[in-house]
Amino acid sequence: MLDLKLIRNNPDLVRESLINRGEDAAPLDELLTLDEKHRKVLAEVEELRSRRNKVSQEIAQYKRKGQDPGDILEQMRDVSDRIKELDGEIRELGDQINALLLRMPNIPHSSIPVGPTEAENVEVRRWGSPRKFDFEPKPHWDLGVYLGILDFERAGKVTGARFAFLKGLGAKLERAVINFMLDLHTREHGYTEIFPPFMANETSMIGTGQLPKFGEDMFKCEGSGYYLIPTAEVPVTNYHRDEILEGDALPLHYVAYSACFRAEAGAHGRDTRGLIRQHQFNKVELVKFVKPENSYDELEKLVGDAETVLQRLGLPYRVVMMCTGDVGFAAAKKYDPEVWMPSYDRYVEISSCSNFEDFQARRANIRFRPGPGEKPEFVHTLNGSGVAAGRTVAAILENYQLPDGSVEIPAALRPYMGGLDRIMKR
RNA sequence: GGAGGGAUACCCAAGUCGGCUGAAGGGGACGGUUUGCUAAACCGUUAGUAGGGUCUAAGCUCUAGCGCGGGUUCGAAUCCCGCUCCCUCCGCCA
């Protein structure tokens, strides 16, 4: 959420940001009009309230002395009625302002490329190089089925499209990938591990920005009103919702495994095969709460931590900086590490690392006190996948496949696979 | 699922029949006095916050705020209605 005062004082900045994102600027003007009206009514009602408070004291005096307050009572009745009336207006205006505010995207950082679509995204670096196969490489969905470690057909029967069963060494590989990543981030990168709830309430979803705009992308649990989390970002960021953290405690670095659930509405026909786009997938998420002055350094480190995973696994990747049109609703700056996927013959997003600045902190009311007795300020929040487990498994199967359909296990994972170095058909 | 009890400031806790109670009393924390130093004692401070107005700013001022949302009333921590969360007991349960 943007600061209403910032919008009020710098409407042109906000307008430019909306245009750069390729969005309609009309809600901004509506917001400015409503805000002005809101403040006008607020001034009026507060004036009346002030008067009522004073007169009520006087009435109390009369009563105490046993005197008759006379017709002041009558007058105050009118004042109260008017207050009630104005309160209604204020509530309505406030609701409208809030609704608009919650749908207003973050202001992109000045360092990112400007453009309304993904076309302006910029590749910032590459690591490794795609392997040259001297045989026809198979896509992971064929390999996985051939090896008996992936089963999409039964998943379709048991649940539906975009689900998968992992079996035998496939299930073990998924678990190995997750544990490898958790160990790396906790032991070497200093993150504190969290195992969060996989469902969250509406307030949390608003806090991180999934709601009110993107409700259709999530699964809502009938009856309870809870949502299945689309990412561990939601529970972990909201972990500190409505808190004032001690300045000394920052930065806070958390890593959380969770299953993630996405409705993928509007993705019909895209990535219909394999593990790339599932309704449920596993992910290890990195979340940071930092002081504003450090947040861009922390973003670079966060991307680096995600990249380390891919490097240790020997998976070729590149990092893309997202432009204004592709940076995402809540982010000010975002890097997407993309892994080389032979079946797609291109790099595929495997992580997404964002600095939200105070956008989420404002929504979720997460602050810190810079020093004793000082005024609380909003923290900056960041998060990034470190990394998506399902896509990692897919990338390993494809990049490490051998001509006979077996798959080598990256050295870093072997300790997690009981020393096994190869998955073969059995 | 059944039956009770609770939610007040950093923590515990009082709030009488609605009106100088935006909140008694403790504890803690901070500041001071005393002291060779510590302890003790004594004195003082301890609403943080959000929003509005004014202003270059500092400041000044107003409003809100006793779990949340409504209602009654000139006036609500206090009365009424709805909700949420927590606790105890019983039942069920991985």
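Just so you know, these numbers come straight off a predicted model, no measurement behind them. Every chain is numbered from 1 and lettered A, B, ... according to where its sequence line falls, protein lines coming before strand lines.
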For the pair A/Q278 (side chain) and A/A164 (backbone), establish whether a donor and an acceptor sit closer than 3.5 Å, ignoring hydrogens and angles. yes
Residues in ring pair (Phe, Tyr, Trp, His ring centres under 6.0 Å) with A/F219, at least two apart? A/H279
Provide the distance between the two P atoms, one in B/A39 and one in B/G31, to the nearest whole Å. 12 Å
Whole-Å gap separating C1' (B/U73) and CD1 (A/I83): 13 Å
Atom CZ of A/R8 with >12 non-hydrogen neighbours under 6.0 angstrom: yes
Could you identify which residues of residues 34-54 of chain A place a heavy atom less than 4.0 Å from some atom of RNA chain B, listed by residue number, or say none? A/R39, A/L42, A/E46, A/R49, A/S50, A/R52, A/N53
Paired nucleotide for B/A40 [Watson-Crick or G-U wobble; both distances under 3.5 Å]: none
Whole-Å distance, A/N98 CG to B/G51 C1', equals 13 Å
Do the ring planes of A/H185 and A/H189 sit parallel (below 30°), tilted (30 to 60°) or perpendicular (above 60°)? tilted
Send over the distance from A/E377 CD to B/A50 C1', rounded to a whole Å. 16 Å
Aromatic contact, A/Y296 with A/H109 (centres under 6.0 Å): yes
Matching residue for A/Y335 among A/V320, A/V124, A/L302, A/N355 - test: side chain to side chain contact (heavy atoms under 4.5 Å, CB included): A/V124
Across all strands shown, which nucleotide pairs with B/U34 by Watson-Crick or G-U wobble geometry, both distances under 3.5 Å? none
For A/R91 and B/A64, give me the distance from atom CZ to atom C1', rounded to whole Å. 14 Å
Which part of the nucleic acid, if any, lies within reach of A/R362 when heavy atoms closer than 4.0 Å are counted: base, sugar-phosphate only, or nothing? nothing
Which value, in whole Å, describes the distance between the P atoms of nucleotides B/U21 and B/C30? 31 Å
Base paired to B/C74 (Watson-Crick or G-U; both N/O distances under 3.5 angstrom): B/G19
Measuring only the C1' atom in each nucleotide, how far is B/C10 from B/U45? A whole number of Å is fine. 14 Å
Keeping A/D142 on the side-chain end and A/K138 on the backbone end, is there a donor-acceptor pair under 3.5 Å? no
Please give, in whole Å, the distance from B/G75 C1' to A/R82 CZ? 20 Å
If you only use heavy atoms from C-beta on, which nucleotide in B/U49, B/G52, B/G70 is closest to the side chain of A/K5? B/G52
When the P atoms of B/A76 and B/G65 are compared, how many Å lie between them, rounded to an integer? 9 Å
Re B/A3: Watson-Crick or G-U wobble partner, both distances kept under 3.5 Å, found to be B/U88
Quick check on RNA chain B: between A/R77 and A/R367, whose nearest nucleotide comes earlier from the 5' end? A/R367
Starting from P on B/U49, measure out to CD1 on A/I366 and report it in whole angstrom. 19 Å
How are the rings of A/F261 and A/F198 set relative to one another: parallel (under 30°), tilted (30 to 60°) or perpendicular (over 60°)? tilted
Both distances under 3.5 Å, Watson-Crick or G-U wobble: report the partner of B/G69, or none. B/C81
Watson-Crick or G-U wobble partner for B/C55, using a 3.5 Å limit on both distances? none
Atom NZ of A/K425 with >12 non-hydrogen neighbours under 6.0 angstrom: yes
Does B/G28 pair with anything, Watson-Crick or G-U wobble, both distances under 3.5 Å, and if so, with which nucleotide? B/U46
Could you let me know what B/A13 is paired to, Watson-Crick or G-U wobble, both distances under 3.5 Å, or none if it's on its own? none
More 5' along RNA chain B: A/M76 or A/L4, using each one's nearest nucleotide? A/L4
Just N and O in the side chain of A/S80: are any of them under 4.0 Å from OP1 or OP2 of B/G75? yes
Roughly how far, to the nearest 0.5 Å, is CD1 of A/I366 from CD of A/E377? 14.5 Å
Report, as a single string ordered 5' to 3', how protein heavy atoms within less than 4.0 Å touch nucleotides 77-86 of chain B: B base, S sugar-phosphate only, - not at all. ----------
Using atom P of each nucleotide, how far apart are B/U56 and B/U72 to the nearest Å? 43 Å
Looking at A/K167 and A/E174, is any side-chain nitrogen of the basic one under 4.0 Å from a carboxylate oxygen of the acidic one? no
I'd like the P distance from B/U63 over to B/A7, given in whole Å. 29 Å
Round to a whole Å and report the spacing from CG of A/D95 to P of B/G69. 12 Å
Atom pair distance, as rounded to whole Å: CG in A/N9 and C1' in B/U56: 14 Å
For B/G19 versus B/A13, give the span between their P atoms, rounded off to a whole number of Å. 24 Å
Proximal nucleotide (of B/U72, B/U49, B/C74) relative to the A/K84 side chain: B/U72
B/C85 and B/U8, which share atom name C1', separated by this distance in whole Å: 16 Å
If you round to the nearest 0.5 Å, how far is OG of A/S351 from CZ of A/R391? 10.5 Å
